[in-house]
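Here is the structure we will look at, set down as structure tokens.
FYI, side chains are in, hydrogens and waters are out, and symmetry mates aren't considered; it's all heavy atoms of this structure. These figures come from a predicted structure and were not determined experimentally. Counting convention: from 1, in listed order, for ligands and their atoms alike.
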Amino acid sequence: MTISQDTEQLYNDHVLGNYGLPPITFVRGRGTRLWDDDGKSYLDFCAGIAVVTMGHSHPKVVSAIQAHAAELTHVSNLFRNAPQARLAAKLDALAGGGGKVFFCNSGAEANETLVKLSRLYGQAKCGQEGRCFKVVVADQAFHGRTFGGMSATPQEKIQGGFRPLVPGFVTAKFNDIDSFRQAVDDDTAAVLVETIQGEGGIRPAEVDFLRELRALCDEKGILMLVDEVQCGVGRTGTFFAFEQAGIRPDAIGMAKGLGNGSPIGAVWIDDRHAGLFKPGSHGTTFGGAPLVCAAALATLEAMEEEGVMDNVATNGAHVMERLNALKAEFPDYIIDIRGRGFMIGIQVAEPPGDLVALLRDRGLIVPSAGGNVVRFLPPLVATREDFDEAISILREGVSARSGH
Ligand SMILES: *Cc1c(COP(=O)(O)O)cnc(C)c1O
């Protein structure tokens, strides 16, 4: 048996079948490249779903992990540890200062924390538990697979089969401030939106919409909660995507790109509301462990040292131009190009599964998203040559699928 057959057999026999997996097993990654167990190399424009910010096995992150694994891996949150403190200070500064940070292990947990914050806030505001608990979310949003995250995700493919859900979530139309205004009532505690909807198909919130949403929250005395789990950590050319609208949310959820592959989630909460969480009111065993925080610190330091956000701005503009040219060449097949920086959606004229498989066969790994979208989510270190290679493979794939 080859390693590949062995892995496939073990998956079939022992791994829960909740993912539809392609016939491929990766064994090694460096920078923007992956290798499978046949030795074939791929350009990785998935980056573990916007996770591997600085590329696979970035030397700085590798040595931080090696050093901390040998020094101190985990102590729980019954005690302080220095990397957690330093990472909190760094993230607070990146969020504009004047806030506090809570560490967890995933995006869904970050959003759970945002929803729990909204409950505490609503109770304090209305002076009674069980009042002022509603959270307005956007259609086509994605906030994770836990009960809170799933209940905040108004999509049948996520919620179906798991009802009853957590009550209190109200859906409004994304990028439609009137719809959000109508959805807010006396029992509303917060709104929760992604700055750029990721799983929903790479739909950016318009700058005006974000500003009007901030104003609406101020007017109604409700929290503006922003899910930057996918679009944050430099992916759009600024550390947080909402910075481009010049707004300050009341709390921010982060995860994916923060640890370069180490599982970490974080929530930043404005000091005006951070005190709602008292000792014992929330927690996690693993969150903020020294090993993982050291990996995240190394990721953030490497981002600064290598100026990746400038790379995102420059090459993001370049790839948008190239993709729009491709759309002009295949107007019947490529319906729309959306996104900012290195968070790009290519909407095509059919369910994207066949195109994604074709690109993979030709050596380009990309994730799909809702609404017939193929995503480009490369590491932020991707070069112009990487993009040119990706676009040339995409062109072959589009040409084959569109029959031209
Ligand atoms: C991926 C994602 C989540 C869920 O994160 P997990 O780490 O998978 O729990 C939540 N919100 C957004 C916007 C995401 O893209």
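- Salt bridge annotation for Arg214-Glu219: absent, with no cationic side-chain nitrogen under 4.0 angstrom from a carboxylate oxygen.
- Across all non-hydrogen atoms, the minimal contact from Lys125 to Lys220 is NZ-O, 3.2 Å.
- By the criterion of a heavy-atom distance under 4.0 Å, the side chain of Glu194, and not its backbone, is placed next to ligand 1.
- At under 3.5 Å, a nitrogen or oxygen of Gln230, whether backbone or side chain, sits near a nitrogen or oxygen of ligand 1.
- Of the protein's heavy atoms, Ala108 N, 2.8 Å lies nearest to atom 9 (O) of ligand 1.
- Under 4.0 angstrom from ligand 1, there are no non-hydrogen atoms of Thr146.
- Among protein heavy atoms, atom 11 (N) of ligand 1 sits closest to Asp227 OD2, 2.8 Å.
- What sits closest to atom 5 (O) of ligand 1 on the protein, heavy atoms only, is Gly107 CA, 3.2 Å.
- For the pair Arg131 and Cys126, the tightest heavy-atom approach, listed with the atom from each and the gap, is CB-CB, 4.1 Å.
- In this structure, Phe376 and Phe387 have tilted ring planes: the angle between them lies in the 30° to 60° band.
- Shown here for Gly339 and Ile202, the closest heavy-atom pair between the two residues is CA-CG2, 3.7 Å.
- Residue-ligand proximity, Asn111 to ligand 1, at heavy-atom distances under 4.0 Å covers atoms 10 (C), 11 (N).
- Proximity of the aromatic rings of Phe26 and Tyr42 is defined here by a centroid distance below 6.0 angstrom, and this criterion is met.
- The heavy atom nearest to atom 1 (C) of ligand 1, out of those in Glu199, Lys256, Glu109, is found in Lys256.
- Of all atoms in ligand 1, numbered sequentially from 1 with element shown, those under 4.0 Å from a heavy atom of Ser106 are 7 (O), 9 (O).
- The residue Ala255 has no part lying near ligand 1, judged by heavy-atom distances below 4.0 Å.
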Q: Determine, stepwise, if the pair His58 / Asn260 fulfils side-chain hydrogen bond (donor to acceptor under 3.5 Å, both in side chains).
A: CA-CA 8 Å; His58 188 284; Asn260 213 62; over 6 Å; no

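- Residue Phe142 has at least one nitrogen or oxygen atom sitting less than 3.5 Å from a nitrogen or oxygen atom of ligand 1, judged on distance alone.
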Item to complete: Take Arg119 and Glu129, measure what salt bridge (Lys or Arg N to Asp or Glu O under 4.0 Å) needs, and give me the verdict at the end.
Response: CA-CA 8 Å; Arg119 292 281 168 104; Glu129 188 161 12; over 6 Å; no

